[in-house]
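Contents: one structure, followed by commentary.
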Protein chains: 4
Amino acid sequence: MLNRVILIGRLTRDPELRYTPAGVAVTQFTLAVDRPFTNSQSREREADFINIVTWRQLAETCANYLRKGRLTAVEGRIQVRNYDNNEGKKVYVTEIVADNVRFLESSNSGGNREEGAGSSNANASYGGGGGGNRNGGSREQQDPFIDDGKPIDISDDDLPF
Amino acid sequence: MLNRVILIGRLTRDPELRYTPAGVAVTQFTLAVDRPFTNSQSREREADFINIVTWRQLAETCANYLRKGRLTAVEGRIQVRNYDNNEGKKVYVTEIVADNVRFLESSNSGGNREEGAGSSNANASYGGGGGGNRNGGSREQQDPFIDDGKPIDISDDDLPF
Amino acid sequence: MLNRVILIGRLTRDPELRYTPAGVAVTQFTLAVDRPFTNSQSREREADFINIVTWRQLAETCANYLRKGRLTAVEGRIQVRNYDNNEGKKVYVTEIVADNVRFLESSNSGGNREEGAGSSNANASYGGGGGGNRNGGSREQQDPFIDDGKPIDISDDDLPF
Amino acid sequence: MLNRVILIGRLTRDPELRYTPAGVAVTQFTLAVDRPFTNSQSREREADFINIVTWRQLAETCANYLRKGRLTAVEGRIQVRNYDNNEGKKVYVTEIVADNVRFLESSNSGGNREEGAGSSNANASYGGGGGGNRNGGSREQQDPFIDDGKPIDISDDDLPF
DNA sequence: TTTT
DNA sequence: TTTT
């Protein structure tokens, strides 16, 4: 009924941009979010590694401007997908479907940047073009990301927008 | 670095209260949170089922007053634990460590209640006793909830408070 | 750069629906949000009274279904407007521009309801019609709500959507 | 009942640290938070200027490490105070009582810094010393900040912690 | 499988 | 494995 998440952390690697068969852009990345306390045994500060998914225009902006190590703010909703793995067992995947991403470090201010040309310090815009950006999402029965690289069996109808 | 989640949904079943070997109260429940859109194929409104964990004083209040079906608001942080399952494979568990829980329905206003005595419409207090309530949490290497019922191998030192 | 507010509280009175000269619906109400602690002197629990503004489709839904006393969740952004009062002094108004409102109590479950016909327990939908709902807002130089009742000098161009 | 705000913006000037007569540290600053859209007339991106208050340990950390222009994340609750001005009129002040502040730019990475010695890139810790940090707050009847500089009439009992 |  |  209400589902809102706000995170600030750093990308663990460069974002991955893909396209559904219907041509919809999807970008995934993982945010390392430091915990507010240190582990009582190791005395070390740990992090949670949280998977982020973005769709459409926002996906392309993220793919263009985010890089490993960059400090980033993400706003979105928690989504729990499930799919059947190769042993026929249900696997649950929790991820944040982002509808707002803020680049807190430009390409020349932080993070490690092995990229050739420095990218601009642009910010992700709210939503995309003419459509709502609140309802990005993916489907239930199958993990669109598990079949790495090959075209995936998703029609436009599967996407809730 | 910043990690905040706010959810409103309904309990899928009664909460489960346990105690660590050191006597720390832990309550778990699942919140069904309706998505803001309907599935484009089935035309049905789906929900995300999100696992919540609470610790200490808040755990006991939740166990006392929450019941299956009750509308509830939860505030907390996303935590990703992992443990090795019986096949030696790493399993990742995502859950919300709540530090604020609001009971939006009292025992006599909604939800289905098969419980004998009606419970009060009390609200969960902020944190507990004399300590901070922001840093509840569980440990990394082992799932404290997988070994259902039997005493579990967690010392007080594992708990970050 | 990022501006997000989530509140749960009760309406202090029935919402007020108006229309700008261009015909855009605006609904205002105030939420009483209990503080998480009691006043250290009076030992009483106090509340913050927070002004909410909604626009367009959401404004009409709120006007139709919300009533004084109802428990309500509001999601939006903080906005600080200012206008010159009749003494030529700048007055600052802080309010929440809501883009998501959840009715936590239907007409027959709580709040005081003097209304004749009971209204349904409908939920506010995300945004409106075909446009983005993220960018509701009001303008800077003049308070559209101060000139109570009479038509107000706002053209459609003033509204950022 | 639930009251949560998360902001990212830049300080409009250096923070101001004061002490109540009882010796409690209070720091105030203003955050300029860019709106997610441009003004439809001026085509310019505007900002909301939002007042932040922090108490105790967090107040001192903010005063030490924040400077004008720095990109900063703030988490807290909205509070509406009121006081009677010199004409006996009630004035309402809305501010964010922060319980978590994140320094997104260190002294050597951004913002304008006229300060002599570079300050460290420390982060505000969660809460302070031995006490809870959730319930910072200020009092209702009088504005502790209006009587600039001179000792102010607040006893410890006025402060809800 | 992880970031600074 | 799911709630209304």
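Below, chain A is the first sequence line, B the second, and so on; all start at residue 1.
Residues passing the salt bridge (Lys or Arg N to Asp or Glu O under 4.0 Å) test with B:K89: none are found, sequence neighbours excluded. The side chain to side chain contact (heavy atoms under 4.5 Å, CB included) search around A:T30 returns A:T12, A:R13, A:F49, A:N51, not counting sequence neighbours.
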Q: Could you go through the salt bridge (Lys or Arg N to Asp or Glu O under 4.0 Å) check for B:E46 and B:R35 one step at a time?
A: CA-CA 6 Å; B:E46 298 173 345; B:R35 297 193 176 165; 3.3 Å; yes
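Taking atom CD of residue A:Q28 and atom C1' of nucleotide E:dT3, one finds them 17 Å apart after rounding to whole Å. Across the protein-nucleic acid pair, A:L66 atom CG and E:dT2 atom P stand 21 Å apart, rounded to whole Å. As rounded to whole Å, 6 Å separates atom P of F:dT3 from atom NZ of B:K68. Taking atom CG of residue B:D14 and atom P of nucleotide F:dT1, one finds them 20 Å apart after rounding to whole Å. The interatomic distance linking D:R102 (CZ) with E:dT4 (C1') rounds to 14 Å, in whole Å. Counting to the nearest Å, the P atom of F:dT4 and the CD atom of C:E105 are 18 Å from each other. To the nearest angstrom, C1' of F:dT1 lies 10 Å from NZ of A:K90. The nearest whole Å value for the distance from the CZ atom in B:R81 to the C1' atom in E:dT1 is 19 Å.
Ranking F:dT2, E:dT4, E:dT2 by closeness to the A:Y92 side chain, first place goes to F:dT2. Between E:dT2, F:dT2, E:dT4, one nucleotide has an atom nearer to the side chain of B:F49 than all others, and that is F:dT2.
A donor-acceptor contact shorter than 3.5 Å links the side chain of B:N3 to the backbone of B:I78.
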